[in-house]
Amino acid sequence: MTLDEIRELIQLASETGIAELEVQRGENRVRIRKSFGASGGGETNVYLPNAAPSPVQSVPQAPPPTISAPPKAEAPAAKTPDSLIYVKSPIVGTFYEAASPSNPPFVRIGEHVSLGKVLCIIESMKLMNEIETDVAGIVETKLVQNGQPVEYGEALFGIRPV
Amino acid sequence: MTLDEIRELIQLASETGIAELEVQRGENRVRIRKSFGASGGGETNVYLPNAAPSPVQSVPQAPPPTISAPPKAEAPAAKTPDSLIYVKSPIVGTFYEAASPSNPPFVRIGEHVSLGKVLCIIESMKLMNEIETDVAGIVETKLVQNGQPVEYGEALFGIRPV
Amino acid sequence: MASGPFKKILIANRGEIALRIICACKDLGIPTVAVYSEADRNSLPVRFADQAICIGPAKSARSYLDIPSIISAAEITNVDAIHPGYGFLSENANFADVCRESGIKFIGPKPEVIAAMGIKERARAIMKDYGVPILPGSDGVLSSPEEAVETANRIGYPVILKASAGGGGRGMRVANSAEEVPHLLMQAQQEAGAAFSSADVYLEKFIGAPRHIEFQVLADEHGNVEILGERECSIQRRHQKLLEESPSPVLRAEVRERVSETLRQAIRAIGYSNAGTVEFLMDEKGDLYFIEVNARIQVEHPVTEAVTGIDLVKAQIRIAAGETLPEILGGPVVRSGHAIECRINAENPDTFTPSPGRITGLNLPGGVGIRVDTHAFQDGVIPPYYDSLVAKLIAHGKDRSEAIARMKRALDLFVVEGIHTSIPLHKRILNDPDFVEGNFDTNFIKRWF
Amino acid sequence: MASGPFKKILIANRGEIALRIICACKDLGIPTVAVYSEADRNSLPVRFADQAICIGPAKSARSYLDIPSIISAAEITNVDAIHPGYGFLSENANFADVCRESGIKFIGPKPEVIAAMGIKERARAIMKDYGVPILPGSDGVLSSPEEAVETANRIGYPVILKASAGGGGRGMRVANSAEEVPHLLMQAQQEAGAAFSSADVYLEKFIGAPRHIEFQVLADEHGNVEILGERECSIQRRHQKLLEESPSPVLRAEVRERVSETLRQAIRAIGYSNAGTVEFLMDEKGDLYFIEVNARIQVEHPVTEAVTGIDLVKAQIRIAAGETLPEILGGPVVRSGHAIECRINAENPDTFTPSPGRITGLNLPGGVGIRVDTHAFQDGVIPPYYDSLVAKLIAHGKDRSEAIARMKRALDLFVVEGIHTSIPLHKRILNDPDFVEGNFDTNFIKRWF
């Protein structure tokens, strides 16, 4: 195991927000421990409740009181290894997949969207904000449910650019 | 694993801000843990004042309030790279190099001592405790001054075994 | 109190005061929602609140000052009250108004009262009407250089010209003679206009060696008012308080009683509710002159909590829920002992430059008579985007001398590694013979540099 | 007090109490010497004392219990007083005597008084003489099975047989009828002989659901005695206290007054000086019966400090320097509010097995009404050689309900990683309806397991 490999492992550990990494290759072994849970540069340990689409918000339990709790409900990175690009919520509010309960969703999984296509609505302070895609491609995943509250920066759709 | 490699690993650990790094190559293993001073397994950050041989003990200043203060007045390890063996004080007390002020010192630098030779006296609660060497060899260094207080485990003489 | 005065409270703030409010809510059994910027994702308020919502990027204007984001977070989490803390939106009458229109209780005074107190010259006029002592000065905004000279001549020199909407020293000028007045008035008006988009300037007597004394107020929504004694906040640097204490080592009991009584009447008449602070200057003779009202909880509220035993933040919440002061206080207010607070900032103690960064080693002092309010933790980061407060260290003792001894001991045991802090500066203050004698004014720190 | 009552004090202890004593010395302006075993080289008392001397290896017998090493350390550092803390040598009359012979003030009672209080049956006889209520029992050591049966018959069953030199449950037997007495007496005598090298056994009435109530005593060396109220310490597991509070939620005011008054007289008559604790059992009817005197500062002294505002360790030092209680207390003792202490131990909260090791993450709770006494720090080690106490968490409020709410909040915010702690157990206690009602006895924890 070369120094470069170890450097890469450390970078990996830092990027991925894990607390500890141990690698053994035959007789070679590397163990990396991150410095303190609640810190870290980018990882998160907070969450927004995945509420049911009912208007009543359930109060979730607090996370266990360990400072190095593993990341929860982490907003995926903008670009993940599988090259999906995530469209994130620019505001706090409530997610709606359609213009009204009787309308069809703006987009469906597998659908091709071009730049500027409206993907959903985020309601914030009684205002309906249309969220447009800033990437053209195939909608591969929808990460939130209709009527669900979303926070700033929360990933909404995963799109594979074409 | 060479010293240079280890040095590089330490630098790597410092740069990347991780808390701990452990590397094993075959039978070689390196574990690096970032310093939070006051912890650590073996290093020390305490001190016994190196009092002048006057009977009045001067009150030293407290160490600077950084938890990762560098080691101070560390008792040298029992065996150091230059293969000196240190005779340590088995008790707390006052070090005397001679049986009385008018007597010559028990040993002098450069002198050959055989097993069981009295090296000094540690006075503790009015009792004079003769300290014998548990190693035969040449007295190379004397680490404390006549009349100086010593703590448990404090190195008194460095002896090169022959 | 089993179910708590509110169903759920959102905390529109960050740092130690957000954690402080979470503590008060926990003590009352009320669930909390923390809102946070991306820079505070790993902060303790986020960890210890029952829910946490990211509301925007690090920049305050797009997170902690962004009213739509905060109201939206309040709506999706179904809170019925918002605590604004201090700073940020805490004295923003518009925010308080939007809360009210959104059916969410703003934990603070009514929007109209916040607005009135926000205009210094108006607050001053109101207080004067109710007999609170005011620095001799102009009747409100100066309309001409002639009026300014005339007023200054009547009061006697030196006088100070001040922006009505001012703060932080901007739009201020000291005039030592009639000749200087017109010229300095123009300067002050220009500066005020540029800084506050209002060129209104007023004039008052200038005190060369003032002390800063403030009174803690609690008022419920039913007309009951308590004045909880004063805090001495004269140890400042560039108008930033470094150390506060209660009681003041020099305030005369009869002045305290007289000012408290007029304040009680003024606060009731104004319709002020919730917690607040009334700031005064003290002149060299020990007389007090009203300066302004801070319509919020103050950073230094713990010194009053220490000497009165009253949890002011809990009281704020219960007042906002409509409870009465007699219910909340449960008896007459008794002040006992002496308390001091040191604001431990992330800054170089010599140059005063900010020192944000990661805390690599931390030992918080504890023990008898010591309280620590902090959001700091080992391996945590003090971000560069917000204020530099790392911790508030509060010492309480049976008298000032015991409080000072305990504070010095706590500073000795307070270790912060990885960033610079003001701890060495605080040690220097505590060891200064003039400080120990109670002999200081707001220029105390300035004289060292 | 500028120069302090002593020139320099050596602290013959470790852990949180060593740091506690350093704090008191700092508050009094007295330099300190920490002595430490090799296992404690990187501990906070070593860091924060003015001097530190290594006195031996980890094993207590060769360090913290080694009298010659400690006296020698005292001599080479020229201290004029030694504070023994609790445990270790704190109630060792021989150590107190060696200190006296070495011209060093032992901060505690006189050796003769420590010795007298150390023999339970003798302490019991002394207290009885002065009218302190005693459990009905034998007149000292039982000389024969016949005497035991006769005494037991007179008192009524159940009765308990106890080793005179006992502790920790060894040499104890409960007899429910006359038939059982001779056999159990023999067992108790054998066990006592083996454990304490004295087979002396006495007998007293057995209380099935006792509460543990103790009174804090301060006495100067001039005959002045103050009884500072009680602590309720019934929340125990295997005779180890887990939670203490003051005042007791059930002690009747008239019992408190009556017992305090007899205690004041007894303590004065005995010639007891310095701090001490008098332990009582409370029976189901609320009556108190003397058990023993702890001739030292107690682990749980902070709850009394919280409700009285008196620094007991500072008082100990000033008493040892010859000051009088009126000088030290400066007025009548006023108790206010309610205080609770949780002993946070390094142990598995389910199995109670010790959990020493390195603390990898730490968040100490702070805020209003919370005090933390701890020697723990992030990256520091709780060694396996000594007791498992990690921190004492003290909550003070205006009443028991506020103290409980604050304690629950502080436990929520207390994070310790790397080792197990009793925090989950303490949360369970605080949330237990019987605890909240004040309805418990020393078997409270036992019933859960």
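Every chain is numbered from 1, with letters handed out A, B, ... down the list of sequences.
Salt-bridge formation is detected for the pair C/Glu16/C/Lys392: a Lys NZ or Arg NE/NH1/NH2 atom is positioned less than 4.0 Å from an Asp or Glu carboxylate oxygen. Salt-bridge annotation for D/Glu327 and D/Arg318: absent, with no side-chain N of the basic residue lying under 4.0 Å from a carboxylate O of the acidic one.
With a 4.5 angstrom heavy-atom cutoff, D/Ile370 touches chain C only via backbone atoms. With a 4.5 Å cut-off on non-hydrogen atoms, D/Val368 touches chain C through its backbone and its side chain both. Both the backbone and the side chain of D/Arg406 come within contact range of chain C, judged by heavy atoms closer than 4.5 Å. Only the side chain of D/Lys314 comes within less than 4.5 Å of a heavy atom in chain C; its backbone stays farther off.
Chain D forms more heavy-atom pairs under 4.5 Å with one residue of C/Arg20, C/Arg371, C/Lys26 than with any other, namely C/Arg371. Ranking D/Ile394, D/Leu413, D/Leu19 against chain C, the residue ahead of the rest is D/Leu413, based on heavy-atom pairs under 4.5 Å.
Figure legend: cation-pi geometry between D/Arg400 and D/Phe435, with NZ or CZ positioned under 6.0 Å from the six-membered ring centre and within 45° of its axis.
Every residue two or more places apart in sequence or in another chain was checked for a salt bridge (Lys or Arg N to Asp or Glu O under 4.0 Å) with C/Lys408, and none qualifies. By the side-chain contact (heavy atoms from CB on, under 4.5 Å) test, C/Ala315 is found to be paired with C/Leu218, C/Ile328, residues two or more places apart in sequence or in another chain being considered.
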